[in-house]
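First the structure, in the form of structure tokens, and then the observations on it.
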Amino acid sequence: MTTQATTATLSNMSLARRAWEIRRKAVRMGEVQGQGYVGQALGIADVLSVSYFHALAYRPDEPEWEGRDRFLLSIGHYAIALYSALIEAGILPEQELETYGTDDSRLPMSGMAAYTPGMEITGGSLGQGLGIGVGMALGLKAKKNPAFVYNLMSDGELGEGSTWEAAMSAAHHKLDNLVCIVDFNDQQADGKSTDMLCSEPLADKWASFGWHVQRVDGNDIAALVAAFDVARNLKGAKPRVIICDTIMCKGVPFLEEREITHFVRVEADEWQKALAVLDANRPE
Ligand SMILES: Cc1ncc(C[n+]2csc(CCOP(=O)(O)OP(=O)(O)O)c2C)c(N)n1
Ligand SMILES: [Mg+2]
């Protein structure tokens, strides 16, 4: 599979180490700007590691390669996480990290397709990514392009009606080239997602919409690898969803233990502290 050829050229660093690198870059960007959605980035780092270093086919030096798998960031506010993965994957140069969120940077605080190589869509108006993904997956099929579309969405987006219209449409069109990843961190802007608008039983809901469903610990790399492999190789004309239960701020215990909110507050002197915690726990 093209994926293997792609990752082989990216060295044999472990997926755990890649996730660590993604976490470290996100915290560093947070330090540059003095703010950022680092809680989300720390939580989704394992998913991004498995996506970019196990599952996706892409060419770092040719981000628009027609054969690439499309990775859609429906949640524009997670841009700091995707930039970290794109830098780690060699699609963006590492030094650009220092420009995060500044005027004229290609790395604005919310993801913008027009600014950033590797950013496939301008997400952020929540609930749009899956519908765009349906269109892209249909388009790829029409062009007989075997690439896959991966849409990363949040649990907050489960409250958007457009998500479920897109889900119904994907099953109707038998989009077996579409994988939806739900970051279930049980948090959204006003509190816990389960308290705001409970989506449980979530796996049953997706299944009833005609999707192949898996639910995994989104911070367990082995479980993610297995789930991504099933989603890719499954026979059957269904779209696939991987619901990932993640922990916000994962990997930095003093932030994990803090009362979790949508915008986790990190004081000016805590960025270095967070980096030190990560540095003390660097995987091989
Ligand atoms: C259509 C739309 N409504 C509201 C917002 C404002 N908003 C930005 S992030 C966010 C939280 C959404 O939940 P989730 O993505 O699960 O949040 P997180 O896990 O990052 O806390 C909201 C409501 C938006 N961007 N788009
Ligand atoms: Mg959430």
Side-chain angles (χ1 to χ4, degrees), residues 22-23 26-27 29-30 33 35-48 51 71-85 100-101 107-116 119-134 150-167 180-203 205-206 215-219 224 241-252 255-266 274:
I22 290 168
R23 288 190 166 92
V27 173
M29 274 187 265
Q33 189 52 231
Q35 59 174 320
Y37 286 99
V38 285
Q40 287 81 344
L42 291 165
I44 204 66
D46 300 301
V47 169
L48 290 173
S51 297
F71 189 91
L72 311 187
L73 187 73
S74 185
I75 26 183
H77 66 289
Y78 277 51
I80 190 170
L82 188 60
Y83 298 150
S84 301
Y100 170 68
L107 311 184
M109 289 184 71
S110 193
M112 302 274 213
Y115 286 27
T116 319
M119 186 69 71
E120 297 276 1
I121 62 169
T122 299
S125 178
L126 299 173
Q128 303 304 318
L130 192 57
I132 297 169
V134 167
Y150 292 80
N151 175 61
L152 176 60
M153 62 174 284
S154 66
D155 50 358
E157 292 187 284
L158 296 168
E160 298 281 353
S162 50
T163 294
W164 299 104
E165 293 174 30
C180 184
I181 307 159
V182 181
D183 180 16
F184 203 103
N185 60 8
D186 202 12
Q187 184 65 42
Q188 55 183 277
D190 295 325
K192 282 166 71 76
S193 298
T194 42
D195 291 341
M196 293 299 114
L197 184 59
C198 184
S199 57
E200 301 296 352
L202 185 56
K205 279 200 177 71
W206 283 99
R215 188 162 192 163
V216 297
D217 177 344
N219 296 118
L224 287 167
V241 61
I242 307 172
I243 303 163
C244 299
D245 290 292
T246 63
I247 295 176
M248 273 183 116
C249 301
K250 180 75 181 174
V252 181
L255 293 178
E256 272 178 50
E257 285 154 17
R258 185 159 292 180
E259 191 195 352
I260 291 297
T261 61
H262 170 66
F263 199 81
V264 175
R265 195 175 167 82
V266 181

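Atoms within a ligand are numbered from 1 in the order they appear, just like the ligands themselves.
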Side chain R23, main chain K250, donor-acceptor under 3.5 Å: yes

Indicate whether the side chain of T163 and that of E157 have a donor and an acceptor atom separated by less than 3.5 Å.
no

> Is the distance between the ring centroids of F263 and Y37 under 6.0 Å?
Replying inline: yes

So the angle subtended at the Mg ion (ligand 2) by Q187 atom O and D155 atom OD1, rounded to 10 degrees, is 100°

Requested in this report: Measure from the side-chain N and O atoms of T122 to the backbone N and O of A113, and report whether any donor-acceptor pair falls under 3.5 Å.
Outcome: yes

* Between T194 and D186, is any side-chain donor less than 3.5 angstrom from a side-chain acceptor? -> yes

Quick one: do E200 and R215 make a salt bridge, cutoff under 4.0 Å? yes

Check your understanding: Using the ring of each side chain (for Trp, its six-membered ring), is Y150 parallel, tilted or perpendicular to F71, with breaks at 30° and 60°?
Key -> parallel

Mind checking whether the Mg ion (ligand 2) has an N, O or S of Q188 under 2.8 Å?
-> no

Report all N/O contacts between ligand 1 and the protein shorter than 3.5 Å as a table of atom names and distances to 0.1 Å; if there are none, say 'none'.
from, atom 1, to, atom 2, distance (Å)
ligand 1, 15 (O), S154, OG, 2.7
ligand 1, 16 (O), S154, OG, 3.3
ligand 1, 16 (O), D155, OD1, 2.7
ligand 1, 16 (O), G156, N, 2.9
ligand 1, 16 (O), Q187, O, 2.9
ligand 1, 19 (O), N185, OD1, 3.1
ligand 1, 19 (O), N185, ND2, 2.8
ligand 1, 19 (O), Q187, O, 2.9
ligand 1, 20 (O), Q40, NE2, 2.7
ligand 1, 20 (O), H77, NE2, 2.7
ligand 1, 20 (O), H262, ND1, 3.4
ligand 1, 21 (O), H262, ND1, 2.6
ligand 1, 25 (N), G124, O, 2.7
ligand 1, 26 (N), L126, N, 3.1

